[in-house]
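To keep things clear, I will list the structure first and then write my remarks on it.
Position 1 is the first residue of the sequence, and the numbers go up from there. No experiment lies behind these values; they were computed from the predicted model shown.
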Amino acid sequence: MHEYPITEQIIKIASGKAKENNARSVTRITLVVGEQSGFIGESIQMYFDIISKGTLCEGAVLEMENIKAKWYCPDCNIHYTRQPFSFACPDCGNDGMPTNIGKEFYVKDIEIETE
């Protein structure tokens with residue numbers, strides 16, 4: 001449900017950039033969505049299809065680059081993907097710590113049509 005207001009902002013950002021560049025429409029929006037961002041890509045797509053109607057973003061392709069969450073092992077100095085029900089480093093077996101990798105959520109690219 002919290003994807004609705006963020007999808008409105010995505011459309012506002014893309015439409016604003018399109019207007020700044022005298023575009024006829026937005027053709028593609030690329031989002032970076034981290035696994036731990038708290039946002040679900042399918043929900044964003046669903047709201048995008050509804051909210052974008054009648055805007056410069058209507059019909060645009062909404063592409064998502066999904067980022068896996070990474071943990072950090074200070075003993076081995078490596079980042080790794082945590083296995084389900086475990087925090088253990090795959091190299092040494094000690095518990096690692098969470099990082100900000102996988103918490104990303106931003107608009108990466110916007111493609112527009114000008115003619």
Shared hydrophobic cluster for Met46 and Ile40 (ILVMFWY, side-chain gaps under 4.5 Å) | no
Residues two or more places apart in sequence or in another chain: which of them pass side-chain contact (heavy atoms from CB on, under 4.5 Å) with Asn100?
-> Lys103
Judged by atom type as modelled, is there a donor-acceptor pair below 3.5 Å linking the side chain of Tyr80 to the main-chain atoms of Gly96?
-> yes
Please collect all ring-ring contact (aromatic ring centres under 6.0 Å, His included) contacts where either partner lies in residues 94-115, sequence neighbours excluded, each pair once.
-> Phe39-Phe105
What pairs with Asn77 under side chain to side chain donor-acceptor pair (under 3.5 Å), at least two apart in sequence or on another chain?
-> Tyr72
What pair of heavy atoms forms the shortest contact from Gly41 to Met64, and how long is it?
-> O-CE, 3.2 Å
Which pairs with one or both residues in residues 48-70 pass ring-ring contact (aromatic ring centres under 6.0 Å, His included), sequence neighbours excluded?
-> none
Exercise answer: donor-acceptor pairs, residues 6-18 side-chain atoms, under 3.5 Å, sequence neighbours excluded:
from	atom 1	to	atom 2	distance (Å)
Thr7	OG1	Glu3	O	2.6
Ser15	OG	Ile11	O	2.9

Hey, what do you get for CH2 (Trp71) to CD1 (Ile78), rounding to the nearest 0.5 Å?
-> 13.5 Å
Does the distance from a Lys or Arg side-chain N to an Asp or Glu carboxylate O, for Glu113 and Arg24, drop under 4.0 Å?
-> yes
Between Val26 and Glu58, does a side-chain contact (heavy atoms from CB on, under 4.5 Å) hold up when you go through it step by step?
-> CA-CA 8 Å; Val26 175; Glu58 183 174 359; over 6 Å; no
Residue list, salt bridge (charged side-chain N to carboxylate O under 4.0 Å, His left out) with Glu63, at least two apart or on another chain | Arg28
Does the His79 side chain pair with the main chain of Ile101, one donor and one acceptor, at a distance under 3.5 Å?
-> no
Go through the steps to decide whether Ile44 and Leu31 satisfy the test side-chain contact (heavy atoms from CB on, under 4.5 Å), and finish with yes or no.
-> CA-CA 10 Å; Ile44 294 170; Leu31 302 176; 4.0 Å; yes
Sequence neighbours left out, cut at 3.5 Å: what donor-acceptor pairs do the side chains of residues 81-95 make with other protein atoms?
from	atom 1	to	atom 2	distance (Å)
Thr81	OG1	Lys70	NZ	3.2
Arg82	NH1	Ser86	O	3.2
Ser86	OG	Ala88	N	3.1
Asn94	ND2	Asp75	OD2	2.8

Lys108 meets the salt bridge (charged side-chain N to carboxylate O under 4.0 Å, His left out) criterion, sequence neighbours left out, with Glu65
Quick one: which residue pairs count as a salt bridge (charged side-chain N to carboxylate O under 4.0 Å, His left out) with a foot in residues 34-48, not counting sequence neighbours?
-> Glu35-Lys68
With sequence neighbours excluded, tell me which residues meet side chain to side chain donor-acceptor pair (under 3.5 Å) with Asp49.
-> Gln45
Min side-chain heavy-atom separation Thr30-Val32 under 4.5 Å = no
State, yes or no, whether a side-chain contact exists between Glu104 and Ser37 at a heavy-atom distance under 4.5 Å.
-> no
Are Ile67 and Leu62 connected, step by step, through hydrophobic side chains (Ile, Leu, Val, Met, Phe, Trp, Tyr) whose heavy atoms are closer than 4.5 Å?
-> no
How long is the gap from CD on Glu111 to OG1 on Thr27, to the nearest 0.5 Å?
-> 5.0 Å
